[in-house]
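Quick notes on the structure that follows.
Worth saying up front: this structure is predicted, and the values here are computed from it rather than measured. Just the heavy atoms: all of them, side chains too, but no hydrogens, waters or symmetry mates, feed the values below. One-based numbering, in listed order, for ligands and for the atoms of each.
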Amino acid sequence: MSSGSNELLVGGMIVSAKILEVKDLKKHFPVKRNLFGKTIESVKAVDGIDFYIKPGEVLGLVGESGCGKSTTGRTILRLLEPTGGKVLFEGRDITKYKKKQLRSVYRDMQLIFQDPFASLNPRKKAGSAIEEVLYVHKMKDTAERKDRALELFEMVGLRQDDMDKYPHEFSGGQRQRIVIARALAVNPKLIVCDEPVSALDVSIQAQIINLLSDLKNRLGLSYLFISHDLRVVKYMSDRVAVMYLGKIAEIAAGEELFKNPIHPYSKALLSSIAGIRPGQKRKKIVLEGEVPSPVNPPSGCRFRTRCRYAVKQCSEVEPQLKCLGGEHFVRCHLC
Ligand code: SF4
């Protein structure tokens with residue numbers, strides 16, 4: 001998938017037009033081996049996906065639970081080893097980086113998990129959690145690390161005396177603020193936000209979403225924003241990728257996709273938020289059948305077992321991601 005030129009001229013400097021580029025990325029989990037230890041069956045959680053993120057851009061990643069969204073985020077960050085494909089960060093292929101080289105990448109790329117409580121050490125004070133990140137990355141001396149932690153606390157809306165509290169002394173929303181501050185500590189350029197508000201009360205979700213949006217604008221961050229909540233994705237994203245059974249079904253500018261989804265799966269998925277625009281009427285499309293097993297996905301188009309438009313070709317030939325013009329790509333024979 002290409003968006004044209006790979007370079008931009010910013011302030012007299014040539015920079016990559018894509019901060020992140022994912023090419024034919026695969027992550028398979030072996031589930032069965034033969035007598036000789038060779039994998040004979042695997043869960044194809046991510047099975048050849050391509051997309052890019054531009055500097056300062058938010059790419060939303062949506063799809064039903066189990067479609068491979070979170071695995072994609074973790075594989076990009078090399079928390080899971082890719083089975084195949086490439087991840088390019090600012091043009092550098094980080095797929096084969098050794099542990100030491102990855103440390104420099106983690107200064108530029110960070111992750112915000114779904115569950116803030118699980119991602120914080122219960123025995124560590126909130127301020128120390130941030131200072132520790134700076135220490136690991138060999139950034140600043142002791143006094144400077146404290147100052148930086150305080151600066152970050154203020155940036156995410158926490159108070160100075162919160163630095164000496166333990167995670168259990170905070171509310172869920174406050175804990176997610178600590179996690180965000182910790183992610184920002186090393187001045188990253190890209191953050192993978194994996195369902196960052198789904199573990200929070202509805203009343204708190206909007207505050208965290210607004211904080212992420214504000215930080216993105218203030219600091220010029222890029223996000224890969226993974227969520228099953230379409231309203232949140234619509235609010236946050238510049239472009240949106242729809243994922244189905246380990247593949248990208250459609251990817252387009254958020255406004256365009258929500259207004260005019262083309263892929264039958266995107267149409268069904270987005271129909272569930274009919275009325276998101278004032279006066280808009282969209283009939284809810286109920287998908288029939290179960291999501292097929294990622295161990296043995298259907299031949300041809302993976303969506304064919306649930307697609308009302310499927311024709312013979314759909315079971316025989318796998319559709320490729322086609323460009324419909326601009327940055328709108330769809331994987332369907334009938335488009
Ligand atoms: Fe449906 Fe065929 Fe298009 Fe797949 S390729 S979405 S089965 S029409």
Side-chain angles (χ1 to χ4, degrees), residues 1-3 22-28 41-52 59-72 83-85 226-230 233-234 237 239-274 276 280-335:
M1 188 193 297
S2 167
S3 69
V22 171
K23 293 185 173 179
D24 197 25
L25 188 69
K26 292 182 182 144
K27 179 61 195 173
H28 298 174
E41 232 173 57
S42 57
V43 173
K44 297 163 188 77
V46 177
D47 204 18
I49 61 169
D50 300 82
F51 63 79
Y52 53 81
L59 178 72
L61 189 56
V62 296
E64 289 163 295
S65 140
C67 70
K69 310 184 292 290
S70 291
T71 306
T72 299
T83 307
I226 300 167
S227 178
H228 68 278
D229 188 329
L230 297 168
V233 169
K234 184 175 190 290
S237 310
R239 285 184 304 125
V240 177
V242 179
M243 211 169 163
Y244 183 79
L245 210 59
K247 296 254 186 199
I248 301 285
E250 183 165 4
I251 183 163
E255 181 80 8
E256 191 175 335
L257 186 80
F258 280 88
K259 204 163 126 192
N260 185 28
I262 301 290
H263 193 283
Y265 176 63
S266 311
K267 280 181 196 274
L269 190 73
L270 301 187
S271 75
S272 64
I273 54 161
I276 198 163
Q280 181 190 24
K281 281 193 185 131
R282 188 186 281 160
K283 203 171 157 226
K284 186 165 181 192
I285 302 167
V286 180
L287 281 176
E288 311 235 321
E290 294 292 312
V291 180
S293 165
V295 174
N296 207 358
S299 61
C301 174
R302 290 179 178 212
F303 186 57
R304 72 175 167 81
T305 53
R306 302 170 83 196
C307 180
R308 60 169 81 176
Y309 307 106
V311 292
K312 192 164 174 273
Q313 185 193 16
C314 302
S315 62
E316 295 169 347
V317 183
E318 184 176 359
Q320 300 303 309
L321 214 48
K322 277 182 291 195
C323 182
L324 300 186
E327 293 185 280
H328 197 155
F329 295 83
V330 181
R331 187 188 295 277
C332 174
H333 287 309
L334 302 189
C335 297

Ser227 and Lys69: CA distance, side-chain angles, deciding distance, side-chain contact (heavy atoms from CB on, under 4.5 Å) verdict: CA-CA 8 Å; Ser227 178; Lys69 310 184 292 290; over 6 Å; no
Within reach of ligand 1, part of Arg331 (heavy-atom separation under 4.0 Å): neither
Side-chain donor or acceptor of Thr83 paired with backbone N/O of His28 under 3.5 Å: yes
Atom indices of ligand 1 within 4.0 angstrom of Arg304 heavy atoms, with elements: 7 (S)
Ring center gap for His263 and Tyr244 short of 6.0 angstrom: no
Gly289 backbone acceptor or donor facing Arg306 side chain under 3.5 Å: yes
Close-contact set for ligand 1 against His263 heavy atoms, below 4.0 Å: 6 (S)
His333 backbone or side-chain N/O/S under 2.8 Å from atom 4 (Fe) of ligand 1: no
Protein heavy atom at shortest distance from atom 4 (Fe) of ligand 1: Cys301 SG, 2.4 Å
Verdict with supporting geometry, Leu324 and Ile262, side-chain contact (heavy atoms from CB on, under 4.5 Å): CA-CA 10 Å; Leu324 300 186; Ile262 301 290; 4.0 Å; yes
Atom 1 (Fe) of ligand 1 contact by Cys332, N, O or S atom under 2.8 Å: no
Proximal ligand 1 atoms for Pro264, defined as those under 4.0 Å from one of its heavy atoms: 6 (S)
Closest heavy-atom pair and its distance - Phe51, Leu59: CD1-CD2, 3.4 Å
For Leu334, the ligand 1 atoms whose distance to one of its heavy atoms is below 4.0 Å: 8 (S)
Heavy atom of the protein closest to atom 1 (Fe) of ligand 1 (residue, atom name, distance): Cys307 SG, 2.4 Å
Stepwise salt bridge (charged side-chain N to carboxylate O under 4.0 Å, His left out) check, Glu316 with Lys312: CA-CA 7 Å; Glu316 295 169 347; Lys312 192 164 174 273; 2.9 Å; yes
Which residue and heavy atom of the protein sit nearest atom 2 (Fe) of ligand 1, plus the separation: Cys314 SG, 2.2 Å
